[in-house]
Participant: 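Once you've had a glance at the structure underneath, I'll fire off some questions.
What you see is a predicted model; the values in this text were computed from it and never measured. Proteins get letters first, then strands, A, B, ... in listed order; numbering begins at 1 in each.
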Amino acid sequence: MTSTTVVASKAPELRRSVTPWGSFSWGYSDVGADIFVGLGLVLAAAAGASNVAFLFAGLVYVCIGLAYTELAATYPVAGGGQYFVMRGLGDFFGFVAGWAVLLDFTIDVTLFAWTCVDYLSQLIPVFVGSTHPWTHFTVVLLLIVGLAVLNIIGVRESTNFNGFVSGLDVVSELSILMLGFLFAFSPHILVSNMTHHWPTTYQLMLGISYAIISFVGLESISQAAEETQRPASIIPRTSIALILTILIFALAYSHLALGMRPWHPIFDDHGHPMQFWQIFPNNGDNQGKAVALLAAQIPYFGAIAALYVPILGAVLLLISSNSGVFGSSRIAYAMSSNDLLPSIFKRVHPKFRTPVISIVTFCSIAVLELVFAALPSLFPGARQTYAWLFRGESGLDFLADLYAFGAATSYSFVFLALIALRMKDPFSPRKFKIPLNVPMTYRDEKIEFPIVGVVGFIGIFAILIFTLLTHPIGRVAGPLWVVTGIVLYFFYRRHRGLPVFKSQTHDWRTAQVQILKHAGELELMDECIANNKAADERRAAREAVTK
Amino acid sequence: MIAFRYALAALMVVLGFTIIVRMLAMGLHFEELTGLVLGGAMIGLGLHRISLLRRIGEKR
């Protein structure tokens, strides 16, 4: 059987032009937008323990981030989690991980377009979903179709534009947090909320499973690796800054929201004063624009923030939605190149040179998800059915359910791939290695077993279980997506005469040398060749002794 | 530009200290723990950024 690695193909290669700031802003424009979506959902679910939910998910996210950093710096190819899992665990699991990532990307398109409109509704009341459901639906639909068209004709936001928006957002978020903690934060209110509004275990699990969606998008680290100059050196540096920045923002926002003394007092329908976080439960409109609402409650600064934060949030969310369109077509292209998906997904448009079939297919799935999410608000009859079947989950909840499921599934496989690759491929040089390793011997070779990989796997697997336990739609639709994919994969591989559960023969050694050469990491390439040669000599010596 | 980045990193350290001091004033219970983690992470990131900026400055 022939070798089928991506690098062996003579497809056009990506230009390596992304700088350290470009690499950071690429990741930030993807992951940084998540808190704009996640904050309201977590506050609604976990109430007084929202910060604890973010802390739990955040610690798991740090482990995930470190795993992605090591893997992306060692194997700097586009494809991300799907590629690492295929390399570590084989074709079948590579497909399952890639299929879960594809689910996340399609949800990403819809969820971020949806919340983009929610943020705009802060300034344009006719976009409010609960009062103008058809307008909200139509605008989200137009955004998705528009992004699909832009991607088909090959228009992408530039790295410079990403860098500008990311820089503006970092400064803006830091200003919100600084002024918020200085003038609107009361530790007494925080402790009081944590003491008197501590959620039930079920609510806390729900909150944690929503909190993980504030940290989704690490695929972008590995996507950027393919186009970064000297990725093995640059990726670890930018990734760690990215991981810490996102973690701090998520923790800071949840603390501020729980301990906030609002600039303008908030009252419920009966005229009783409310805490700031209490505007989120059972209010899908507020959940979709939490950061804008929080910024507007900071004394004095809130008057300006109320005008620009919704716009900045909407732009960042639209970039993130676009990364879903672009990312899904790229992952599908990579999977198709590795015979995990039919070759139709790597077919490019003769004029625009873009993967048009992939873009149309996955944007169509995103539109279907939008229709399913919007049905309860569009048709009162559907609302009753949803209430009966899914405990009345809102459209935003439905999208977040699937997002959490896809992320938890793909990240679980990435941890297993990290452990497997440390054992099976100790020869590829790792310029960045996750700390806390146990030296041991595996198949007569010295390896370092990653403790963080095990801890991270336990954490993300727990979040996957929380998602299945607490999300009525996610626990049905998520596994259904995976099973549908496996059935399609089964028929495709049978049709092609390829093994279904076993892997094709891959020449990973040659592939690795080519990857490092292509990345310009020539010292690492030499080290890799020397390691392989030394391993061959040791093996030959052992075989000679045995004979 | 580098002065601006220094200022942002320094502000993050100051904010981290502010949060830790304000949370510690409440006592040392479970409820304050997450605030202390947040303050510590802010100080960590701020110092990490300052050390990176110093290295960039030395190279120049």
Side-chain angles (χ1 to χ4, degrees), chain A residues 20-21 24 46 48-59 61-62 167 170-183 185-198 211 236-238 240-256 258-259, chain B:
Chain A
W21 171 250
F24 174 87
S50 297
N51 51 353
V52 178
F54 274 112
L55 182 62
F56 184 96
L59 292 176
Y61 154 78
V62 170
V170 169
V171 173
S172 167
E173 292 202 37
L174 264 178
S175 311
I176 293 169
L177 293 172
M178 298 263 178
L179 296 169
F181 274 106
L182 284 175
F183 302 118
F185 178 70
S186 162
H188 294 279
I189 296 177
L190 171 72
V191 172
S192 168
N193 275 325
M194 289 182 73
T195 311
H196 297 109
H197 299 283
W198 191 262
R237 211 187 331 151
T238 55
I240 287 167
L242 178 71
I243 292 164
L244 281 175
T245 307
I246 301 291
L247 175 70
I248 284 170
F249 281 173
L251 284 176
Y253 271 119
S254 54
H255 275 82
L256 186 55
L258 283 181
Chain B
M1 186 62 188
I2 205 155
F4 176 68
R5 288 163 73 185
Y6 260 119
L8 278 183
L11 272 175
M12 189 160 268
V13 174
V14 172
L15 186 60
F17 270 115
T18 311
I19 292 171
I20 286 181
V21 169
R22 292 191 72 182
M23 294 311 291
L24 279 177
M26 298 286 297
L28 257 182
H29 309 98
F30 171 73
E31 285 82 3
E32 285 88 30
L33 187 67
T34 53
L36 297 177
V37 172
L38 170 62
M42 280 182 160
I43 293 170
L45 179 60
L47 293 177
H48 172 67
R49 297 294 305 158
I50 288 171
S51 73
L52 276 180
L53 291 169
R54 277 182 63 182
R55 222 179 296 164
I56 292 170
E58 282 166 11
K59 275 184 188 173
R60 282 179 181 174

Participant: Between atom CG of B:Leu45 and atom CZ of A:Phe249, what is the distance when rounded to the nearest 0.5 Å?
Facilitator: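 It is 8.5 Å, given to the nearest 0.5 Å.
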Participant: Any idea which heavy atoms bring B:Met26 and A:Pro187 closest together, and the distance?
Facilitator: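 So the minimum-distance heavy-atom pair works out to CG-CB, 3.6 Å.
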Participant: From A:Ile240 CD1 over to B:His48 NE2, what is the distance, rounded to the nearest 0.5 angstrom?
Facilitator: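 Answer for the CD1-NE2 pair, A:Ile240 versus B:His48, is 6.5 Å.
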Participant: So for A:Leu174, is it side chain, backbone, both, or neither that comes closer than 4.5 Å to the heavy atoms of chain B?
Facilitator: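 Interface part for A:Leu174: side chain.
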Participant: As an exercise, state the distance from CG of B:Leu33 to CG of A:Asn51, rounded to the nearest 0.5 Å.
Facilitator: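 The CG atom of B:Leu33 sits 10.0 Å away from the CG atom of A:Asn51.
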Participant: Chain B heavy atoms under 4.5 Å from A:Phe185: which part of the residue, side chain, backbone, both or neither?
Facilitator: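 When you check distances to chain B, atoms from both the backbone and side chain of A:Phe185 fall under 4.5 Å.
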Participant: Under a 4.5 Å heavy-atom cut-off, does chain B meet the side chain of A:Thr245, its backbone, both or neither?
Facilitator: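 For A:Thr245, the contact with chain B is made by backbone and side chain together.
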Participant: Could you tell me which portion of A:Leu244 (side chain, backbone, both or neither) has an atom closer than 4.5 angstrom to a non-hydrogen atom of chain B?
Facilitator: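 Answer is both: backbone and side chain atoms of A:Leu244 are under 4.5 Å from chain B.
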Participant: Which of the residues B:Val37, B:Val14, B:Leu52, B:Ile19 is involved in the greatest number of heavy-atom pairs with chain A at under 4.5 angstrom?
Facilitator: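 It is B:Ile19.
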Participant: Run B:Thr18 and A:Phe181 through side chain to side chain contact (heavy atoms under 4.5 Å, CB included) and show every step you take.
Facilitator: CA-CA 9 Å; B:Thr18 311; A:Phe181 274 106; over 6 Å; no
Participant: I would like to know whether A:Leu190 and B:Glu31 meet side chain to side chain contact (heavy atoms under 4.5 Å, CB included); could you show each step before the answer?
Facilitator: CA-CA 8 Å; A:Leu190 171 72; B:Glu31 285 82 3; over 6 Å; no
Participant: Nearest 0.5 Å please: distance from the CG atom of A:Leu55 over to the OG1 atom of B:Thr34.
Facilitator: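 So the CG of A:Leu55 and the OG1 of B:Thr34 are separated by 6.5 Å.
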Participant: Which bit of B:Met42 comes within less than 4.5 Å of chain A, counting heavy atoms only: side chain, backbone, both or neither?
Facilitator: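 Both the backbone and the side chain of B:Met42 come within 4.5 Å of chain A.
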Participant: What pair of heavy atoms forms the shortest contact from A:Ala241 to B:Arg49, and how long is it?
Facilitator: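 Scanning both residues completely, I find the closest heavy atoms to be CB-NH1, 4.2 Å.
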Participant: Quick one: do A:Val52 and B:Phe30 satisfy side chain to side chain contact (heavy atoms under 4.5 Å, CB included)? Show the steps, please.
Facilitator: CA-CA 10 Å; A:Val52 178; B:Phe30 171 73; 4.1 Å; yes
Participant: Find the distance between NE2 (A:His255) and CE (B:Met23) and round it off to the nearest 0.5 Å.
Facilitator: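 A:His255 atom NE2 to B:Met23 atom CE measures 6.0 Å (nearest 0.5 Å).
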Participant: Of the backbone (N, CA, C, O) and the side chain (C-beta and beyond), which part of B:Leu11 lies under 4.5 Å from a heavy atom of chain A, both, or neither?
Facilitator: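 Its backbone and side chain both get close to chain A.
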